[in-house]
Amino acid sequence: MSENVVHLHKPTDPPTPETAPTVLTVVPDAPPAPPAGPVPLWVRSGRAVKRAATSERTVTTVRAAARHGLYTFNGGRIVAKRTWDGRTGARYERMIRAAEAAGNLEAAEEWEERLQRFRAARHHRRMDLLHSPVDAAKGAAVGAGMSVGVLVALGVAMAVNTGRPGDVITPLTATVDFIVLLIRIVQVVWGPALTIGPFLALLALWSVGRKQQAAPTWALPANVRSGEGEPITPSIVVKALRDLGVPALRNAIKEMGDAGASMLGPITIAGCGVEVDVTLPSGVSTVEVQQRRRKLAENLTRHEHEVFITIPQAARTVRLWIADSGALDEPIGPSPLVTDETMTADYAKGKAPWGQDLRGDAATLSLYQRHLLITGLSNQGKTVALRSLALWLALDRSVQFLVGDLKGVGDWAMFDGLASALIQGPTDEHVIQVTEMVEGAVTEMNRRIQAPPGTVFPPLIVLVDEAQVAFMCPAKDEDKRPYGGSKANSRYFMAVRKIHNQGRAVNVLMWQGTQDPTNENLPKLVREGAHTRASLALGTESQARMALGDKAVDGGAAPNLLRPGLDRGTLVVASDGITIPAGQSSITVRTHYIDDDAAKALTDRARALRDGVTTLHTIERGEQRDPLADIAAVIGDAPRVRTKDVLARLATQNRDAYGGWSFIDLKRVLDDAGAEPYKSDGVMVVSRDRVARALAGRDTDGSASTD
């Protein structure tokens with residue numbers, strides 16, 4: 001409730017001066033009434049001025065007037081500077097100072113020699129000017145005399161030809177008339193030329209200023225002020241570096257006569273952006289520039305994720321890759337695996353088509369004898385990136401897979417019938433199954449190591465997605481050994497370490513995908529055992545160092561600067577299996593997206609290349625085994641399977657029962673059952689029909705079973 005206000009007024013009846021008492025009344029507070037009568041002129045003028053000053057039309061007009069006026073003024077300054085540079089040695093002196101500031105003494109000496117040559121030539125021209133008036137007068141007199149002589153001779157020839165003596169002076173008369181005509185033309189044109197000439201000169205200066213955008217930013221058009229789509233030029237890069245907030249860099253650029261242009265290498269088109277090398281002046285470290293990536297991007301009218309800073313081989317140099325505005329938000333297109341149905345894979349010599357680098361070139365990755373680690377925050381495309389590599393490798397029929405998906409939502413379900421084992425689920429029991437699967441791969445690795453020298457083994461990919469679930473599993477076995485953790489008695493940790501240590505030599509490879517790397521869910525020895533390390537968006541620089549290593553991060557790798565959600569599928573890769581520009585320690589790759597339907601189509605193609613694979617969904621252990629029945633199970637529907645593949649599948653099915661089996665053990669069981677292995681195309685194979693007949697004809701008392 002508003003307060004009451006006391007108003008002082010007089011009664012409505014016209015009182016006399018003597019009887020006019022003052023009456024006090026209390027009335028509610030009310031807004032003041034507008035003044036009666038016309039609004040004073042000065043009030044209306046002030047309001048009009050205020051409205052006019054704030055209207056968009058007025059602002060646009062003022063900006064346009066200031067812009068075009070400054071174009072002309074600054075255009076004159078640019079022309080004057082160019083003229084001065086052309087007439088004096090100022091340009092050479094600037095280049096000398098720039099070379100000295102950059103510490104390039106050889107270039108400084110070269111520019112000093114050029115300056116001396118320029119000064120010598122200028123002195124020679126000036127000395128020639130001292131003698132030029134006399135020489136010009138002599139030349140004019142001689143030329144005039146020769147011209148008159150020629151005209152007289154021509155007149156004599158005409159007079160002889162026509163027989164009229166007056167024709168002798170006809171050429172001289174015609175020449176004089178022509179000169180008079182030229183004088184008249186000049187007299188007519190001279191006045192308008194004097195009037196129009198200054199306007200033409202101003203127009204030329206305006207054109208120079210407009211081309212150089214020689215006006216303050218506030219006066220430029222809206223599309224230029226915003227910087228959207230603004231091309232990257234040397235002046236823009238130097239200005240961005242000058243305003244970076246590094247005093248030594250700013251002072252060095254001011255001292256350079258060329259305003260810092262000598263720091264820049266050529267600006268080249270690189271994919272959906274441009275690339276330029278910047279040689280920093282003495283006293284400025286590359287770290288100081290790297291740490292100001294956001295400010296540098298904003299100075300270049302770009303977002304932070306559109307500028308990448310790497311360290312090439314050249315000393316005191318940073319390499320800037322600057323994207324076109326909005327280019328990184330555009331998709332890169334489908335994978336060649338989806339578009340080319342004839343594509344095959346070669347584990348040893350081929351490279352997987354993974355995506356595109358920032359230059360727009362195809363990014364392909366060699367998987368030959370390289371352990372793999374992909375990490376990143378949740379829901380950034382880790383599983384799709386990892387699965388894309390496995391889908392390509394599945395097109396090589398010699399490759400075997402053991403897959404553990406500790407997320408268990410069906411991301412790897414299409415590998416059923418393709419992988420020898422497929423464990424899916426997030427529980428402790430699933431971790432136990434995956435751990436025993438990896439331990440079975442260790443047993444297979446040891447068997448291969450003990451084989452005769454020169455034996456060639458098919459690649460075995462042990463793939464665990466969401467590996468952090470295994471490392472953080474609290475379950476223990478009957479001997480109180482933990483499945484998770486990073487201690488010497490941790491079963492999963494030790495199995496992975498064994499494969500990292502010796503698996504590469506016999507083509508047993510460990511692939512892992514994990515979230516949010518920390519020392520707890522991704523131990524140091526495990527992450528450093530991977531030959532190929534890739535990371536999607538991460539939260540902190542410390543996580544980036546865990547994912548990629550100190551060398552890659554110190555060299556410019558920054559997955560922590562990727563935008564979660566917006567840069568989904570973009571990862572930073574550190575590996576010798578991918579082409580990385582010289583001098584860099586990592587490369588940024590935008591991976592192709594292969595959805596579940598396309599992945600299923602690819603695995604169908606991969607299954608068609610194989611004889612048939614029986615996928616185990618659990619790792620059996622501790623029960624009575626029937627070797628012949630197990631052999632029949634791992635053969636599946638294939639008419640015949642190589643003996644070494646049968647041994648590998650048996651070891652995967654049950655490590656305790658078959659992990660130590662050799663070809664002799666397999667041959668003994670088959671020989672006893674009458675299903676002897678035989679050679680086909682030069683390799684020993686096991687026949688499905690022989691094993692089936694042996695099972696059908698053997699005794700049913702269980703005499704073939706064993707522990």
Side-chain angles (χ1 to χ4, degrees), residues 397-402 420-421 436-462 495 498-499 502-509 610-614 616 619-699 701-707:
R397 60 177 301 171
S398 66
V399 178
Q400 303 170 359
F401 291 94
L402 300 176
S420 299
E436 293 180 347
M437 178 190 77
V438 178
E439 290 174 340
V442 173
T443 302
E444 169 63 12
M445 176 189 73
N446 292 333
R447 184 189 69 82
R448 294 182 177 191
I449 292 174
Q450 296 171 9
T455 306
V456 179
F457 300 101
L460 175 61
I461 306 300
V462 186
K498 290 176 181 177
I499 295 178
Q502 296 178 297
R504 177 176 178 271
V506 290
N507 284 331
V508 177
L509 303 177
R610 289 164 167 75
D611 295 329
V613 176
T614 301
L616 304 177
I619 305 299
E620 300 177 3
R621 57 190 184 277
E623 62 270 26
Q624 295 291 322
R625 306 303 307 172
D626 185 344
L628 191 60
D630 289 342
I631 292 171
V634 298
I635 291 175
D637 297 331
R640 55 187 175 273
V641 179
R642 292 181 295 182
T643 53
K644 59 181 179 180
D645 291 342
V646 173
L647 287 170
R649 295 175 186 180
L650 287 173
T652 301
Q653 185 185 59
N654 193 292
R655 178 179 57 86
D656 296 331
Y658 303 114
W661 269 36
S662 64
F663 172 73
I664 296 176
D665 298 316
L666 177 62
K667 187 174 184 301
R668 172 180 55 79
V669 172
L670 293 175
D671 289 346
D672 292 344
E676 300 84 354
Y678 64 96
K679 275 194 174 183
S680 176
D681 296 330
V683 296
M684 297 298 294
V685 298
V686 180
S687 170
R688 178 193 61 188
D689 294 339
R690 290 186 181 184
V691 174
R693 285 196 298 269
L695 282 173
R698 74 179 183 178
D699 295 335
D701 58 1
S703 59
S705 63
T706 184
D707 289 335

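Keep in mind that this is a model prediction, so the values were computed, not measured. Sequence positions, counted from 1, serve as the residue numbers for this chain.
- The environment of CZ in Arg640 is sparse: at most 12 heavy-atom neighbours from other residues, nucleotides or ligands sit within 6.0 Å.
- Taking CD1 of Ile631 as the reference point, atom CG of Leu695 lies at 9.0 Å (rounded to 0.5 Å).
- Inter-residue side-chain proximity for Leu460 and Arg448 is flagged as met; some heavy-atom pair is nearer than 4.5 Å.
- Note: Tyr678 OH to Leu670 CG = 12.0 Å, rounded to the nearest 0.5 Å.
- The heavy-atom pair separating Ala495 from Val438 by the smallest distance is CB-CG1, 3.6 Å.
- Every residue two or more places apart in sequence or in another chain was checked for a salt bridge (Lys or Arg N to Asp or Glu O under 4.0 Å) with Arg688, and none qualifies.
- By the 6.0 Å contact criterion, NZ on Lys498 is open, its count of non-hydrogen atoms from other residues, nucleotides or ligands being 12 or less.
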Assess whether side chain to side chain contact (heavy atoms under 4.5 Å, CB included) is satisfied between Ile461 and Val508, documenting all intermediate values. CA-CA 6 Å; Ile461 306 300; Val508 177; over 6 Å; no
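- Enclosure of atom CG in Asp637 is not indicated, since only 12 or fewer non-hydrogen atoms of other residues, nucleotides or ligands lie within 6.0 angstrom.
- Taking the salt bridge (Lys or Arg N to Asp or Glu O under 4.0 Å) definition, one finds that Arg447 meets it with Glu444, sequence neighbours left out.
- Heavy atoms only, all atoms of each residue included: Gln400 and Ala648 are closest at OE1-CB, 3.8 Å.
- Residue Leu628 holds its CG atom at 10.0 Å from CG of Asp672, rounded to the nearest 0.5 Å.
- Scanning for side chain to side chain donor-acceptor pair (under 3.5 Å) contacts around Thr643 gives an empty result, with sequence neighbours left out.
- Note that CD of Glu439 is 7.5 Å distant from OG1 of Thr443, once rounded to the nearest 0.5 Å.
- Taking every heavy atom of both residues into account, Ser398 and Pro458 meet most closely at O-CB, 3.4 Å.
- A donor-acceptor pair is defined here as one N or O able to donate and one able to accept, closer than 3.5 Å; no such pair exists between the side chain of Arg649 and the backbone of Ser420.
- For Asp671, the salt bridge (Lys or Arg N to Asp or Glu O under 4.0 Å) test picks out Lys667, with sequence neighbours left out.
- Scanning for salt bridge (Lys or Arg N to Asp or Glu O under 4.0 Å) contacts around Arg668 gives an empty result, with sequence neighbours left out.
- Heavy atoms only, all atoms of each residue included: Arg610 and Val399 are closest at NH2-O, 2.8 Å.
- For the pair Ala673 and Ala694, the tightest heavy-atom approach, listed with the atom from each and the gap, is O-CB, 3.2 Å.
- Minimum heavy-atom separation, Ile499 to Leu509: CG2-C, 4.3 Å.
- Checking each of Val685, Asp645, Val641 against Ile635 for a side chain to side chain contact (heavy atoms under 4.5 Å, CB included) leaves exactly one that passes, namely Val641.
- For Asn507, the side chain to side chain donor-acceptor pair (under 3.5 Å) criterion is met by Tyr347, Gln369, not counting sequence neighbours.
- Here the OH-CG distance, from Tyr658 to Asp630, works out to 3.5 Å after rounding to the nearest 0.5 Å.
- Taken to the nearest 0.5 Å, the CZ atom of Phe663 stands 4.0 Å off from the CE atom of Met684.
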